[in-house]
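Taking it in order: structure first as structure tokens, then the write-up.
Throughout, a chain's letter reflects where its sequence line sits, starting with A, and its residues are numbered from 1.
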Amino acid sequence: MRLSKHFIPTMKENPSEAQIVSHRLMLRAGMIRQSSAGIYIWLPTGLSVLNKIADIVREEQNRAGAIELLMPTIQPAELWQESGRYDAYGKEMLRITDRHERNMLFGPTNEEMITDLFKNNVKSYKDLPLNLYHIQWKFRDEVRPRFGIMRGREFLMKDNYSFDLDFEAAKESYNKMYVAYLRTFARLGLVAIPVRADAGAIGGDLSHEFQILAETGESTLHYDKAIEDFDLSSLTGDIDDETVAKLQGLYAMEEEKHDVDNCPVDAADLKTAKGIEVGHIFYFGTKYSASMGARVAGPDGKEVDVEMGSYGIGVSRLVGALIEANHDDNGIVWPESVAPYKVGLINLRFKDENCTNACDTLYEKMENAGIEVLYDDRDVGAGAKFANMDLIGVPWQVVVGPKGLEKGVLELKNRRTGERVELSEEELLAKLG
RNA sequence: CGGAAUGUAGCGCAGCAUGGUAGCGCGCUUCACUGGGGGUGAAGAGGUCGCAGGUUCAAAUCCUGUCAUUCCGACCA
């Protein structure tokens, strides 16, 4: 895409309302604009990153055997009255009345709806296990939205729900999702520590929060440093049961649940860090199936309440979390897997025919090769182009100027390391292709 | 929801005490120069000062109300 024809409204100065780095950079890099408190417009590059994250999440869900569907954002109050959560949920639930005075709500989560769907369509153990997911906008009317997209009121979430006949099967479903989560975050280049979370009386130990390590995290974690030996951010291959068991056996707790005196890990092996919650998985047994009557016939012909679990990933929150984990003084440093563009093409001399011709040609070749390229073809100074491209965070910058052209080379800059190499056009296309 | 602050041009801010023609920087437009890290100069455009009342000859400025946004805390499947 040519920058001159694109819509990426970047800003030189920091908007005063943005306090944390990801919020500032998302505004400055032209990814989002605020509509009202905790509600944002996703501009083209922001949307692109959001979609790429969602695609990775989707691929890993599919790989794990989950099946995608799409439930509505607006739900009828009756479902929530059935489960008893309509009154319990409080003011965080945005309640709406339609023209027929019917009570509706903007869904903050979908346990009720999916349980209702399940009970109306699944009657036999033969249809289990079943794991359904969707990636849909949620709304929680947070008292105090903050940190931009990270703690918004409207947010994009992948949530899925597993249905099994008994606890053993449910545990298997749970572990499949555990693995899928490890893989998902690894593909995003993130270290996401699986932290033991308390899911209440029912969940037992089958509940984990996945926390990305970042200084601006809202929660404090204490974890066995042996977890780092798993090299979580590159755990993208097969993950066997043994690895899962080992990892789940290692200590990792949030501050509130951490007991210094009874901690099984030596102080010397314990690490403390701030985390951002980006995923949460838990088994909750028959909490909703019992209250809403979701039963299946077992092999013996007797009906049993179905065993359920639910699993969430904050897709929009991940955009902010990724920036918290990947930025420097100049701007965002996207991992290639989610960057809005892979390459930024910088024409240093707009008015130099040789430069512009070389850029135009190279741009076409890259487009034809399927390389996602952002071509800065504007008539502005070189410094402005470098600064802008750094801010947006494109992983590779191809710099075309008169000096290089005389030598017959193109310059390739790595956004993360700052390293620059000179390459021929063939070498460059081969490297980026 | 408790506490605190702020609303003046797209962004960042000054002006308000002591009422009297709406300001600065960045960005934007045009032109010239420049051309490897947000360059230089000149000329421009852009604001019913959050909104509604009130006081006054006169309100960005004083008074009342209201809305919005932000920060601290509590809360957060």
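Rounded to whole Å, the distance from CD on A/Glu411 to P on B/G37 is 11 Å. A straight line from CG of A/Leu391 to P of B/G37 spans 18 Å, rounded to a whole angstrom. Look at CD1 on A/Ile8: it is 21 Å from P on B/G38, rounded to the nearest Å. Regarding A/Glu256, its CD atom lies at a distance of 10 Å from the P atom of B/C76, rounded to whole Å. Between the CZ atom of A/Arg378 and the P atom of B/G39 there is a distance of 12 Å, given to the nearest Å. Here the P atom of nucleotide B/G25 and the CD atom of A/Glu13 are 12 Å apart, to the nearest Å. Note: CG (A/Leu348) to C1' (B/G39) measures 14 Å, nearest angstrom. In this structure, the CD atom of A/Glu142 is 13 Å from the C1' atom of B/C1, given to the nearest Å.
Residue A/Phe139 is classed as having no contact, given no heavy-atom separation below 4.0 Å to the nucleic acid. Across all strands shown, A/Asp379 has heavy atoms under 4.0 Å from base atoms, whether or not it also approaches the sugar-phosphate. Residue-level contact check: A/Phe350 touches neither bases nor backbone, having no heavy atom under 4.0 Å from any strand. As judged by a 4.0 angstrom heavy-atom cut-off over every strand, A/Arg420 is placed among the base-contacting residues. Among the heavy atoms of the strands lying under 4.0 Å from A/Lys413 is at least one base atom, whether or not backbone atoms are also near. Among the atoms of the strands shown, none is found under 4.0 Å from any heavy atom of A/Met389. Among the protein residues, A/Arg33 comes within range of no part of the nucleic acid, since none of its heavy atoms lies under 4.0 Å from any strand. Note on A/Asn14: only backbone sugar-phosphate atoms sit closer than 4.0 angstrom, heavy atoms only; bases stay farther off. The residue A/Lys91 sits close only to the backbone: its heavy atoms come under 4.0 Å of sugar-phosphate atoms, none of a base. The residue A/Gly404 sits close to a base: some heavy atom pair falls under 4.0 Å.
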Short heteroatom pairs, N/O only, protein and nucleotides 69-74 of chain B, under 3.5 Å:
residue: B/U69; atom: OP1; partner: A/Ala37; partner atom: N; Å: 2.7
residue: B/U69; atom: O3'; partner: A/Gln34; partner atom: NE2; Å: 3.2
residue: B/U70; atom: OP1; partner: A/Gln34; partner atom: OE1; Å: 3.4
residue: B/C72; atom: OP2; partner: A/Arg144; partner atom: NH1; Å: 3.4
residue: B/C72; atom: OP2; partner: A/Arg144; partner atom: NH2; Å: 2.2
residue: B/A74; atom: N6; partner: A/Arg146; partner atom: NH2; Å: 3.1

Each nucleotide N or O in nucleotides 4-8 of chain B that has a protein N or O under 3.5 Å away: list the pair and distance.
none

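In this structure, A/Gln248 and A/Asn175 have side chains that are in contact, with non-hydrogen atoms separated by less than 4.5 Å.
Partner of A/Glu142 under the salt bridge (Lys or Arg N to Asp or Glu O under 4.0 Å) criterion, chosen from A/Lys91, A/Arg151, A/Arg153: A/Arg151. Each of A/Lys176, A/Arg187, A/Lys158 was compared with A/Glu60 under the salt bridge (Lys or Arg N to Asp or Glu O under 4.0 Å) criterion, and only A/Arg187 meets it.
Aromatic rings from A/Trp80 and A/Tyr89 are positioned such that their centres are separated by under 6.0 Å. A/Phe167 and A/Tyr283 have their aromatic ring centers within a separation under 6.0 angstrom. Between A/His280 and A/Phe210, the distance from one ring center to the other does not fall under 6.0 angstrom.
Nucleotide B/U40 is matched to B/A32 when pairs are restricted to Watson-Crick or G-U wobble geometry with both distances under 3.5 angstrom. In this entry B/G46 has no Watson-Crick or G-U wobble partner, no candidate having both defining distances under 3.5 Å. Remark: B/U21 base-pairs with no nucleotide; criterion is Watson-Crick or G-U wobble with both hydrogen-bond distances under 3.5 Å. Across every strand in view, B/C1 sits in a pair with B/G73 that passes the Watson-Crick or G-U test at under 3.5 angstrom. Pair assignment for B/A58: none, as no Watson-Crick or G-U wobble contacts are both less than 3.5 Å. Within the shown strands, B/C67 is the pairing partner of B/G7 under the Watson-Crick or G-U definition, both distances less than 3.5 Å.
With the nearest nucleotide of RNA chain B identified for both A/Ser310 and A/Ala387, A/Ala387 has the one nearer the 5' end. Projected onto RNA chain B by closest heavy-atom contact, A/Met157 and A/Met11 fall at different nucleotides, the more 5' of which corresponds to A/Met11.
Taking atom P on both B/A60 and B/C67, the two are 23 Å apart, rounded to the nearest angstrom. When the C1' atom is used for both B/A43 and B/C49, the distance is 27 Å, rounded to whole Å. Taking the C1' atoms as reference points, B/G36 lies 23 Å from B/G41, given to the whole Å. On the P atoms, B/C16 is 9 Å away from B/G20, given to the nearest whole Å. Rounded to whole Å, the C1' atom of B/G46 lies 6 Å from the corresponding atom of B/A9. The gap from the C1' atom of B/U34 to that of B/A42 amounts to 15 Å, rounded to the nearest Å. Here the separation of B/U18 from B/C62, taken at their C1' atoms, is 11 Å to the nearest Å. Rounded to whole Å, the separation between the C1' atoms of B/U8 and B/C24 comes to 12 Å.
The phosphate of B/G27 has OP1 or OP2 within less than 4.0 Å of a side-chain N or O from A/Lys12.
Not one N or O on the side chain of A/Lys138 forms a donor-acceptor pair closer than 3.5 Å with the backbone of A/Leu156.
The pair A/Lys119-A/Glu82 counts as a salt bridge, with a side-chain nitrogen and a carboxylate oxygen less than 4.0 angstrom apart. Using a cut-off of 4.0 Å between Lys/Arg side-chain N and Asp/Glu carboxylate O, A/Asp390 and A/Lys413 are scored as salt-bridged. A salt bridge links A/Asp328 with A/Arg415: at least one charged nitrogen is closer than 4.0 Å to a carboxylate oxygen. Between A/Glu426 and A/Lys365, no side-chain nitrogen of the basic residue sits less than 4.0 Å from a carboxylate oxygen of the acidic one, so the salt-bridge criterion is not met.
At a cut-off of 3.5 angstrom, counting only N and O atoms as typed in the model, there is no donor on one side facing an acceptor on the other between the side-chain of A/Asn330 and the base of B/G37.
Closest approach of A/Lys274 and A/Gly217 over heavy atoms only: CD-O, 3.7 Å.
Rounding to the nearest 0.5 angstrom, the gap separating the CG atom in A/Leu79 from the OH atom in A/Tyr288 is 12.5 Å.
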